[in-house]
Amino acid sequence: MIKNLKVGAALMLACSSVAACTTPDPTVYSGLASASQLQPNSEDKTGRVPYRYQTNVDWSQYNRIIVDSVAVYNGPDNQFGKVSEKDKAFLANYMQAQFTEKLKTRFAVVSTPAPATLRLHLTLTGAKATTAVLGTVTRIDVAGGLYNTVQAVRGREGSMTGSVNYAVEIYDAASNRLLSSYVTKQYPNAMNIGASFTAMDASMVGVRKGADALLAELK
């Protein structure tokens, strides 16, 4: 018990500097095709989608979608930190599979541009692995649990937990006109212990949450 309190106290001290416990928020990555159109998103109160571009579009007029291969962003303003090339490739493939799986419940997934067809371009721009051992410990020790409970209530990022950053660009496939774009950071609920066991678990949860959010937006 005393050992746990010491770990928690150290965590709380470290977390007095937000950067010590959380990952960088997405930025307007200069290498994105839509970078010049992205604007601060005043409607976002969560910090998950800080920049967005949106046209006045009726999504119901679209019933097919092309899902481009997920790109891995290699610009100098990427936010991968120490994530390995192997893990980047893994997350890109996982993102491709999860978004395709979710979107096919709403659209016919096709490969050829045509009327009533969207084209989705996803760019993986950053990720952070969960800190080994500490990611789990800080959800069960006293002080760390308190911090993460507060973060969970606020819908904010937990301590020592991984996340994923990416960009979404949606085009009218027939005209190649940009309809919507945004950059986002996704992460698990701050008290999600199951997402803290392995390095990429939290990023994978973030990908799934992001796919659900996009599906809900396009319905």
Side-chain angles (χ1 to χ4, degrees), residues 11-12 14-29 32 34-35 37-57 59 70 73 77-81 83 91 94-95 98-99 102-103 106 120-131 135 138-139 144-170 178-196 200-219:
L11 171 71
M12 294 298 284
C15 286
S16 63
S17 171
V18 175
C21 289
T22 60
T23 53
D25 289 334
T27 184
V28 179
Y29 306 98
L32 293 176
S34 62
Q37 292 160 291
L38 289 168
Q39 298 294 325
N41 182 13
S42 60
E43 296 182 4
D44 175 50
K45 306 303 181 185
T46 67
R48 290 179 186 265
V49 187
Y51 297 96
R52 176 182 282 275
Y53 167 77
Q54 182 71 54
T55 60
N56 186 15
V57 55
W59 299 116
V70 175
Y73 187 71
D77 52 347
N78 75 76
Q79 294 175 315
F80 287 110
V83 175
L91 282 177
Y94 187 75
M95 180 177 288
Q98 290 297 311
F99 275 76
K102 293 291 184 180
L103 291 170
R106 160 71 173 82
L120 171 66
H121 188 74
L122 298 167
T123 304
L124 181 64
T125 57
K128 182 188 175 186
T130 297
T131 303
T138 55
R139 277 146 187 81
L146 176 61
Y147 173 84
N148 284 307
T149 297
V150 172
Q151 291 295 86
V153 171
R154 297 172 64 224
R156 298 292 184 172
E157 189 176 358
S159 61
M160 309 299 179
T161 304
S163 62
V164 61
N165 291 3
Y166 60 92
V168 174
E169 295 168 309
I170 306 171
L178 181 66
L179 302 175
S180 177
S181 66
Y182 59 89
V183 294
T184 184
K185 176 167 75 171
Q186 295 288 349
Y187 44 83
N189 180 279
M191 288 303 292
N192 186 340
I193 296 176
S196 66
M200 288 293 106
D201 278 348
S203 295
M204 293 166 67
V205 171
V207 167
R208 296 196 297 273
K209 290 181 71 171
D212 286 335
L214 179 60
L215 176 62
E217 183 172 327
L218 296 179
K219 280 188 174 179

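Position 1 is the first residue of the sequence, and the numbers go up from there.
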K.L.:
Just how far is it from atom CG of Leu218 to atom CD1 of Ile170, taken to the nearest 0.5 Å?
P.N.:
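So the CG of Leu218 and the CD1 of Ile170 are separated by 5.0 Å.
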K.L.:
Test of understanding: with side chain to side chain donor-acceptor pair (under 3.5 Å), list the residues that count as partners of Ser180, not counting sequence neighbours.
P.N.:
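With neighbours one apart ignored, the set is Gln54.
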K.L.:
Nearest 0.5 Å please: distance from the NZ atom of Lys209 over to the CG atom of Leu214.
P.N.:
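Separation between the atoms: 15.0 Å.
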K.L.:
Mind checking ring-ring contact (aromatic ring centres under 6.0 Å, His included) for Tyr73 and listing every partner two or more places apart, or none if nothing turns up?
P.N.:
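Expected list: Tyr29.
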K.L.:
Going by side-chain hydrogen bond (donor to acceptor under 3.5 Å, both in side chains), Asn165 matches just one of Gln186, Gln79, Lys128. Which one?
P.N.:
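It is Gln79; the other options fail the test.
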K.L.:
Nearest 0.5 Å, what's the OG-CZ distance between Ser42 and Arg52?
P.N.:
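CZ of Arg52 is found 11.0 Å from OG of Ser42.
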K.L.:
Taking side chain to side chain donor-acceptor pair (under 3.5 Å) as the definition, give me every residue that meets it alongside Gln37, ordered by chain and number, with sequence neighbours left out.
P.N.:
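Partners of Gln37 under the side chain to side chain donor-acceptor pair (under 3.5 Å) test: none.
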K.L.:
So which atom in Val83 and which in Ala127 form the shortest heavy-atom distance, rounded to 0.1 Å?
P.N.:
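Taking Val83 first and Ala127 second, the nearest heavy atoms are CG2-O, 3.2 Å.
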K.L.:
Checking Arg208 now: which residues fulfil side chain to side chain donor-acceptor pair (under 3.5 Å) with it, not counting sequence neighbours?
P.N.:
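Testing Arg208 for side chain to side chain donor-acceptor pair (under 3.5 Å), a comparison that skips the adjacent residues, returns Tyr94.
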K.L.:
Is the backbone of Glu169 close enough, under 3.5 Å, to the side chain of Ser181 for a donor and an acceptor to pair up by distance?
P.N.:
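Judged by distance alone, no pair lies under 3.5 Å.
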K.L.:
Within the side chain of Asp44, is there an N or O that forms a donor-acceptor pair under 3.5 Å with the backbone of Val49?
P.N.:
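Indeed, once roles are kept as given, a pair shorter than 3.5 Å links the two residues.
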K.L.:
Among residues at least two apart in sequence or on other chains, which ones pass ring-ring contact (aromatic ring centres under 6.0 Å, His included) with Tyr182?
P.N.:
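Partners of Tyr182 under the ring-ring contact (aromatic ring centres under 6.0 Å, His included) test: none.
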K.L.:
What is the minimum heavy-atom distance between Ser203 and Val164, and which atoms define it?
P.N.:
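Closest approach of Ser203 to Val164, heavy atoms only: O-CG1, 3.7 Å.
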K.L.:
In chain order, what residues pass the side-chain contact (heavy atoms from CB on, under 4.5 Å) check against Val70, with sequence neighbours excluded?
P.N.:
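In terms of side-chain contact (heavy atoms from CB on, under 4.5 Å), with neighbours along the sequence ignored, Val70 is linked to Ala92, Met95, Gln96, Leu122, Leu124.
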K.L.:
Side chain to side chain contact (heavy atoms under 4.5 Å, CB included) with Tyr166: which of Leu91, Thr184, Thr123?
P.N.:
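Result: among Leu91, Thr184, Thr123, Thr184 is the only option passing the side chain to side chain contact (heavy atoms under 4.5 Å, CB included) with Tyr166.
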K.L.:
Can you name the closest pair of heavy atoms from Val183 and Ala167 and give their distance?
P.N.:
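Heavy atoms only, the tightest pair is CG1-CB, 4.0 Å.
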K.L.:
With rounding to the nearest 0.5 angstrom, report the OH to CG distance, Tyr53 to Leu179.
P.N.:
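One gets 8.0 Å once the value is rounded to the nearest 0.5 Å.
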K.L.:
Between Leu120 and Phe99, which heavy-atom pair has the shortest distance, and what is it?
P.N.:
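Minimum heavy-atom separation between Leu120 and Phe99: CD2-CD2, 4.3 Å.
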K.L.:
Just how far is it from atom CG of Asp77 to atom CG of Leu32, taken to the nearest 0.5 Å?
P.N.:
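So the gap between those two atoms works out to 8.0 Å.
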